[in-house]
Amino acid sequence: MQNDFLSGLNPVQRQAAETTEGPVMIIAGAGSGKTRVLTFRIANLLSKGVDAFNILALTFTNKAAREMKERISGLVEGTEARNLWMGTFHSIFARILRAEAERIGYPSNFTIYDTEDSKGLIKNILTELQLDDKIYKPSLVLSRISSAKNNLISAREYNSHAEILDEDRQSGKPKLGLIYETYDKRLFKASAMDFDDLLFKTNILLKQFPEVLYKYQQKFRYILVDEYQDTNFSQYLIVKKLAAMYQNICVVGDDAQSIYAFRGANIQNILNFEKDYPELKVFKLEQNYRSTQTIVEAANSVIRNNRDQLKKVVWTNNQKGEPVRLMRAGSDNEEGQQVANRIFDLRMQHQLANRDIAILYRTNAQSRAMEEALRKRGIPYRIFGGLSFYKRKEIKDLLAYFRLAINPLDEEALRRVINYPMRGIGKTTLEKIVVCADQNNVSLWEVISNLEQYRPVTGATAQKVSDFVMMVKSFRHGLVSSNAYELAMHIARSSGLLKELGNDKTPEGISRHDNVKELLNGIQEFVDTPSESEDEVQERTLDVFMQDIALLTDADENDKEDADKVSMMTIHAAKGLEFKAVFVVGMEENLFPSQMALQSREELEEERRLFYVALTRAEQYLYLTYANTRYRWGKIDFSEPSRFLQEIDPGLLQLPPDIAPESRGFMNFEEERLGFGGFSPRQGAAPAFKPREKPEASFAPKSNGSSGGFKPQPKMVPVAQAGNSQAFVSDDLSGLEAGMEVIHEKFGKGKVVFVDGRSGEKKATVLFDTAGQKQLLLKFAKLKIIQP
DNA sequence: CTGTCCTCACTTTTT
DNA sequence: GTGAGGACAG
């Protein structure tokens, strides 16, 4: 009776929601009602009398957490849902780190550096160490450090790890270890943590302080993790530790939708979950409630080409629906026009609203042509992603003042605003301060707040610097004496920032000014909203407001305008969303799959999963578009249709009218292109490659030595020759099935992915070592089976 | 110290 | 095509 709400679930969903004790893994196919199960499960826990304070739910975005909280609130009585610990890994553990900061030598008001801050710090370090930023590109250095941290390799371990050091030496970057070490020291001195530190330091905290671990193990009696396939090693270990006592852990994920390996996410976390918890109960949600049969099957036919995956059959009871439509355009602009026209038709013919429609692309840069076309056609749209509100220059400038008031050791903030708006403290002065701070091994703030002692500069300049210090100090007083809005307004005014922006009368300038005003309004709103949780009552001061500003993404911004607009975003940003009609644009080689992802099969498979995510966003109408030419780097680039297009079951795909399916069409074009061998036409004269490893190796972490999954920088791996010519070959194809090795006179050796069709017209999909994937009719193709 | 002009790298995806 | 950062003059 208290479980009335569970009756809205199908049997598997219901079981998954009711099995609240012990380890549970829910493998949730796209559109299978995953969020529904999660929310009902939590509501179920609450209705059984579990205290909301004892439930930890980790989601991928703040938005997902917020929405889930709302839905749970609707299911259970009272305001209990507010007290749930629900949020992203980063925000939840930032919160815990602030509470426990002293233990690891940090103040609780530490600053969180975003990527830009981190890169800035790296640049400064490079200058100081006199290293060439062409060789040590900050973004590359950062990703290397990030990768280390995500695998829990500290700077110290990094520098005592022969294999890693050797790798760096071989790649011509022997100083990476030194940079890492310096970077970490500087973060610590600035009382700052970068994104990865939030997880790294949590691990340290839980490891070094058993009493802290115990406390949170007790607290989080029930743990749920959404999007588990996207967790990295660091996150995996935190969860494992916290869940060790009660083992009431429920992870939800879909290996087919793992799209963040590039950021350290480890698909093995989900594939190996069973090993960690032998008692594990697994539930597979395979019925798709979202999409038409055609869309589900199209997506299935694509993902089938991946080798690393859990067994699962996504199916649907929904109607067959429209075919997937392929559209071709001459250029990226034309592609935009065609999409705009189609959107017009969809609205007219099928009564769709703009908000039912999404345009998805691989890279943010592609939004431009789309935007232009929609604007011309008068179709309202909203772009998600791109640069978030909080990453805009003018916002970051003001935030830097806030940060400095809260934590004057925050060096990146200091550098950002010490001469903005201009107050005569230029490059030379800053240089002197930096050198002085370095010589005395103190912070920049220490130097400038004790000018008489350190004397980096004198005379008029010293006066200017001292004025600046006085100003920041006065802001600091406001932290206790004023509420967030009063102080923020005061800072915006007396720093001169508001005036500076007000002077710029260009349209962009006005918009910047407006943005700052919007931020101030947001702070006002924050002050007026009482603290949410009963867990801890917080004053509405500026430092509370700033606590996880760095962790907010564009996706988290208030969707206050539920206006009727077409959504435009990257596929990554579209994860978890659904639309009646979806356009996946830019289906071209080197764009999707991305040129950067052609180095290894793992990378290509991630691109394919990304494509799978894109396809499964659609409920009813699905369009795939590509252009023959595209502007890239300001130049026209010729492009070819994406290899992924031919992976879609041809029976589900409607080609453009000018391409007859059987003749000179794009399929044939693809065959010609692939005919001369290799995945990429650019690889040219590649001899018989054997790009695959042994199947058994596929689920094992790849060559990571003792470094615990540490992925070295991409490098070329030598490939073995396919020389087992003495194997026995048979041309009896009656017993052909998936997994068998076959040989084709034109395409060479390959492996059968699957076989279908009835006996007369059996069709095999074969992944050839050099020629890529092909669908072959057995009665025509002269296939031979290679017997082991 | 500040302003302007020039070069060059940039496009994978994000907490 | 754009935006950031360097070189150089005022």
Side-chain angles (χ1 to χ4, degrees), chain A residues 58-65 87-94 112-116 118-120 123 127 133-134 137-139 142-143 146 149-150 193-200 227 230-232 234-235 258-265 332 360-369 384-388 390-391 393 419-432 457 460-461 464 508 548-556 569-575 586 590-599 603 606-607 609-611 613-614 630-637 714:
Chain A
L58 297 164
T59 58
F60 198 66
T61 62
N62 293 302
K63 191 180 166 198
T88 61
F89 273 90
H90 293 265
S91 63
I92 293 281
F93 295 115
I112 299 172
Y113 274 9
D114 68 11
T115 311
E116 201 188 328
S118 295
K119 277 188 197 158
K123 277 182 201 163
T127 337
D133 65 357
K134 297 251 159 43
K137 297 220 292 197
S139 54
L142 184 61
S143 79
S146 169
K149 285 187 179 176
N150 286 157
M193 295 195 196
D194 66 13
F195 284 144
D196 304 310
D197 278 339
L198 297 175
L199 308 172
F200 187 87
E227 309 283 11
D230 287 326
T231 53
N232 60 37
S234 185
Q235 293 167 319
S258 158
I259 53 176
Y260 285 99
F262 73 91
R263 192 171 93 188
D332 47 356
L360 308 182
Y361 33 78
R362 179 68 237 274
T363 66
N364 278 308
Q366 288 167 258
S367 70
R368 190 164 288 195
F384 293 78
L387 65 160
S388 121
Y390 294 102
K391 298 216 173 85
K393 236 178 296 168
N419 198 32
Y420 179 81
M422 277 191 290
R423 47 177 71 93
I425 307 176
K427 225 177 94 181
T428 320
T429 306
L430 186 59
E431 189 85 356
K432 283 177 187 160
V457 285
T461 316
K464 288 174 190 160
E508 303 83 43
D548 42 27
I549 285 294
L551 301 175
L552 293 183
T553 330
D554 177 56
D556 300 322
M569 65 191 91
T570 63
I571 302 165
H572 283 87
K575 194 165 77 155
N590 296 328
L591 182 61
F592 195 16
S594 161
Q595 194 168 6
M596 322 298 287
L598 300 175
Q599 300 297 117
E603 287 174 313
E606 174 146 315
E607 293 286 302
R609 291 192 295 270
L610 193 57
F611 186 41
V613 168
R630 178 175 296 281
Y631 270 94
R632 265 176 140 179
W633 310 292
K635 279 197 184 120
I636 289 182
D637 228 31

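Keep in mind that the numbers below use all heavy atoms, side chains included, and drop hydrogens, waters and symmetry copies. Since the structure is predicted, the reported quantities are computational estimates derived from the model, not experimental observations.
Looking at the side chain of Thr88(A), the nearest of the listed nucleotides dT15(B), dT2(B), dA4(C) is dT15(B). When distances run from any side-chain atom of Thr429(A) to the nucleotides dC1(B), dT15(B), dC10(B), the shortest one goes to dC1(B). For Thr570(A), the listed nucleotide lying nearest its side chain is dT14(B); candidates were dT14(B), dT12(B), dT15(B). Comparing dA9(B), dG5(C), dC10(B) by their nearest atom to the side chain of Lys123(A) picks out dG5(C). When the nucleotides dC1(B), dT14(B), dA4(C) are ranked by their closest atom to the side chain of Thr428(A), dC1(B) comes out on top.
Within the 4.0 angstrom heavy-atom criterion, only backbone atoms of the sugar-phosphate kind lie near Asn364(A); the bases stay farther away. Counting non-hydrogen atoms under 4.0 angstrom, Arg368(A) reaches the backbone sugars and phosphates but no base. Among the protein residues, Ser91(A) comes within range of no part of the nucleic acid, since none of its heavy atoms lies under 4.0 Å from any strand. Within 4.0 Å of Asn419(A), counting heavy atoms only, lie sugar-phosphate atoms of the nucleic acid but no base atom. Among the heavy atoms of the strands lying under 4.0 Å from Lys134(A) are primed sugar atoms or P, OP1, OP2 only; no base atom is included. Counting any heavy atom pair closer than 4.0 Å across all strands shown, Ile571(A) reaches no nucleic acid atom. Within the 4.0 angstrom heavy-atom criterion, no nucleotide atom of any strand lies near Tyr631(A). Counting any heavy atom pair closer than 4.0 Å across all strands shown, Lys635(A) reaches no nucleic acid atom.
Residues Asn232(A) and Arg263(A) fail the side-chain proximity criterion, which asks for heavy atoms closer than 4.5 Å.
Interface remark: the Arg362(A) side chain does form a donor-acceptor pair with the dT12(B) base, using a distance-only criterion of under 3.5 Å.
Taking atom NZ on Lys137(A) and atom P on dA4(C), their separation rounds to 17 Å, with Å as the unit. A straight line from CZ of Phe384(A) to C1' of dT13(B) spans 17 Å, rounded to a whole angstrom. When the P atom of dC10(B) is taken as reference, atom CG of Asp637(A) falls 16 Å away, rounded to whole Å. Straight-line distance from the CZ atom of Arg630(A) to the P atom of dG1(C): 17 Å, rounded to whole Å. When the P atom of dT15(B) is taken as reference, atom CD1 of Ile259(A) falls 11 Å away, rounded to whole Å.
Between His90(A) and Phe195(A), the ring planes lie perpendicular to each other; the angle is over 60°, past the 30° to 60° tilted range.
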CA sep, side-chain torsions, deciding dist, call: Phe60(A), Thr88(A), side chain to side chain contact (heavy atoms under 4.5 Å, CB included): CA-CA 5 Å; Phe60(A) 198 66; Thr88(A) 61; over 6 Å; no
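Rounded to the nearest 0.5 Å, atoms OH (Tyr113(A)) and CG (Asp197(A)) are 11.5 Å apart.
Considering only side-chain N and O atoms, Thr363(A) lies nowhere under 4.0 angstrom from the phosphate OP1 or OP2 of dT13(B).
A 6.0 Å sphere centred on OH of Tyr420(A) holds more than 12 heavy atoms belonging to other residues, nucleotides or ligands.
The aromatic ring of Phe262(A) is not stacked on the base of dT12(B), since the criterion of ring centres less than 5.5 Å apart with planes inclined by under 30° is not met.
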